[in-house]
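Note that ligands are numbered from 1 as they come in the structure, with each ligand's atoms numbered from 1 the same way. The shown structure was predicted, so the numbers you read here are calculated from the model rather than taken from an experiment.
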Amino acid sequence: MCGIVAYVGHREACPIIIKGLKRLEYRGYDSAGIALMNGTLSVYKKKGKVSELEAFLQDKDVHSNIGMGHTRWATHGEPNDVNAHPHFSTSKKIAIIHNGIIENYAALKTLLISKGHTFKSETDSEVFINLIEDIRENNHCTLAEAVRLALHEVVGAYAIVVLSKDDPHQLVAARKGSPLVLGIGKGEYFLASDATPIIEYTNDVVYLKDYELAVIKNGELDIRSREDVKQTPYVQRLEMALESIEKGGYEHFMLKEIFEQPRSILDSMRGRMISASNHLMMSGIREFENKFVNAERILIVACGTSWHAGLVAEYLIEDFARIPVEVEYASEFRYRNPIIRETDIVIAISQSGETADTLAAIELAKSKGATIFGICNVVGSSIARTTDAGAYTHAGPEIGVASTKAFTAQVTVLTLIAMIIGSKRGTLETSKLHGLMAELENIPAKVERALKLDQQIQEIAEKFKNATNFIYLGRGYNYPVALEGALKLKEISYIHAEGYPAAEMKHGPIALIDEQMPVVVIATKDGSYEKIVSNIQEVRARKGKVIAIVTEGDTTIPAMSDFVIEIPETSEHLAPLLSVIPLQLLSYHIAVLRGCNVDQPRNLAKSVTVE
Ligand code: G6P
């Protein structure tokens, strides 16, 4: 959580930093601040969005060629001006921006107070900067040296940038557990939590590694380990188009990302499957093919929407490859003494590749000798770099906090994986495999058709915008979709919603159903169609309002539903890729009609880098 940006070079730093912070607002948006070197070291900060900071800066002298900014998602201390970053040290000679959590901050703070340091905020970050100041004063050393020594004292996660009044042309940065990308331009350098604030200016980037320290001074870059050993930076050329991180005429990033799905699903299969030539290949899997084929068990760890994609994968892999699969919330997995064997394959799914709980679950599985396979969207992210092998989803940057295109891309990649393992193990018949490949190739066009339902869904949203509760029901492959639909609605419209396996409804949620209760039932034509018809009858008998997602041409369910959304027919194994589309649109339109901030819902952050 939290986004950081810093700049040093020949341009005005302030506009670069403000624009960069806006791009990083998906990481947190409860307060923002900036530090600039304008004769002295000045810090300006404000509770609220980056735009509020921008307005606050209107009448300030912001001329500077060096600076750093931060957009916050509160961990220690409520969101207010004081707790916003940057934070000064007691002497106000140095300032810090920090993304992460310092776990031993309380002990360090007590020690620092006893040495005369004073604190204005409740943050762990202010402790970090005072620790650096304390080390600098006691050791009479450079700022860079003090930061390096401080890294030995702090426990937890951090990406930091430090500015000093005494070194007006220097930025010092370090990371452990939180991402930090360094952009290298012509005579200028950028630092940011991800590459989006940078790519407008340069495509050459270095992903800092854990415990690395970068010092940019007088136009020179020096990267060292925490043990002070000089490192040779690996400069990567990023192929990210600027348009992919802009709204492109859509009102919200979420809507743009929903509408991008025909393309993003195609991109996630590109080069991996061509049904006409029966080509099915994934380089990450090929490397570990024997392990996959012989695996006795597959564990899937993930959080949020990625966990829902994992549930779809459980059904696919067990069906096609006949390997037992367990899907775990990463946060539970790591704290419950799970059984992990060397023969297990752990698939970690994460859009951002930075989710702290998923990273920790990977570390635990690694320590037990399991093989780790990552499915990430963000190229170069921490999870992508820590796994033994993996596959990128290639959905392109997802900026809306509520995940949409990343989900369908994850499901597409997982479907390919299940098909590959199934075919290698001989558990998936060739004719069935070829049929599935041909149908998967049709999915982008069918998603395109499902997107045409937008207007109709908007009208349904109008009817239910004031509901206080929703129930989502699905069976089989559509059960994870019911969970995902409910999550989308909760996240962005703040309406309470429950997703349930349809048959389980009668063991509890049925008690909630009355004439006020909208029940979204995903009832496409599949193996459990007859059963779900009965579930709809159970809802109707209690006067619930049925919004049914059905297969085009169905006449039975429309006759018993209040509202019907018809989606194209497909194989039940691929149904989630289509049935989720109307649910994304429904939550989007309800949230817009309720006046909610769709791209930046309250209390949430896109990348949860704290436990
Ligand atoms: C946050 C986001 C969700 C996301 C989850 C897991 O809660 O708001 O949209 O599904 O984290 O994130 P990951 O990046 O690991 O997929």
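- For residues 592-611, no residue pair satisfies the ring-ring contact (aromatic ring centres under 6.0 Å, His included) rule, not counting sequence neighbours.
- The aromatic ring centres of Phe288 and Phe373 sit 6.0 Å or more apart.
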N/O pairs closer than 3.5 Å, ligand 1 and protein:
{"residue": "ligand 1", "atom": "8 (O)", "partner": "Ala605", "partner atom": "O", "Å": "3.1"}
{"residue": "ligand 1", "atom": "9 (O)", "partner": "Val401", "partner atom": "O", "Å": "3.3"}
{"residue": "ligand 1", "atom": "10 (O)", "partner": "Thr305", "partner atom": "N", "Å": "2.9"}
{"residue": "ligand 1", "atom": "12 (O)", "partner": "Thr355", "partner atom": "OG1", "Å": "3.3"}
{"residue": "ligand 1", "atom": "14 (O)", "partner": "Ser350", "partner atom": "OG", "Å": "3.3"}
{"residue": "ligand 1", "atom": "14 (O)", "partner": "Gln351", "partner atom": "N", "Å": "3.4"}
{"residue": "ligand 1", "atom": "14 (O)", "partner": "Ser352", "partner atom": "N", "Å": "2.7"}
{"residue": "ligand 1", "atom": "14 (O)", "partner": "Ser352", "partner atom": "OG", "Å": "2.6"}
{"residue": "ligand 1", "atom": "14 (O)", "partner": "Thr355", "partner atom": "OG1", "Å": "3.4"}
{"residue": "ligand 1", "atom": "15 (O)", "partner": "Ser350", "partner atom": "OG", "Å": "2.6"}
{"residue": "ligand 1", "atom": "15 (O)", "partner": "Thr355", "partner atom": "OG1", "Å": "2.4"}
{"residue": "ligand 1", "atom": "16 (O)", "partner": "Ser306", "partner atom": "OG", "Å": "2.5"}
{"residue": "ligand 1", "atom": "16 (O)", "partner": "Gln351", "partner atom": "N", "Å": "2.7"}

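- No donor-acceptor pair under 3.5 Å is formed between the side chain of Asp204 and the backbone N or O of Gly183.
- You'll find the side chain of Thr343 stays beyond 4.5 Å of the side chain of Arg297, heavy atoms only.
- A salt bridge is defined here as a Lys NZ or Arg NE, NH1 or NH2 lying under 4.0 Å from an Asp or Glu carboxylate O, and Asp30 with Lys47 fails to meet this definition.
- For the pairing with Gln410, the side chain to side chain donor-acceptor pair (under 3.5 Å) check across Ser306, Ser268, Ser350, Ser403 returns one residue only, Ser306.
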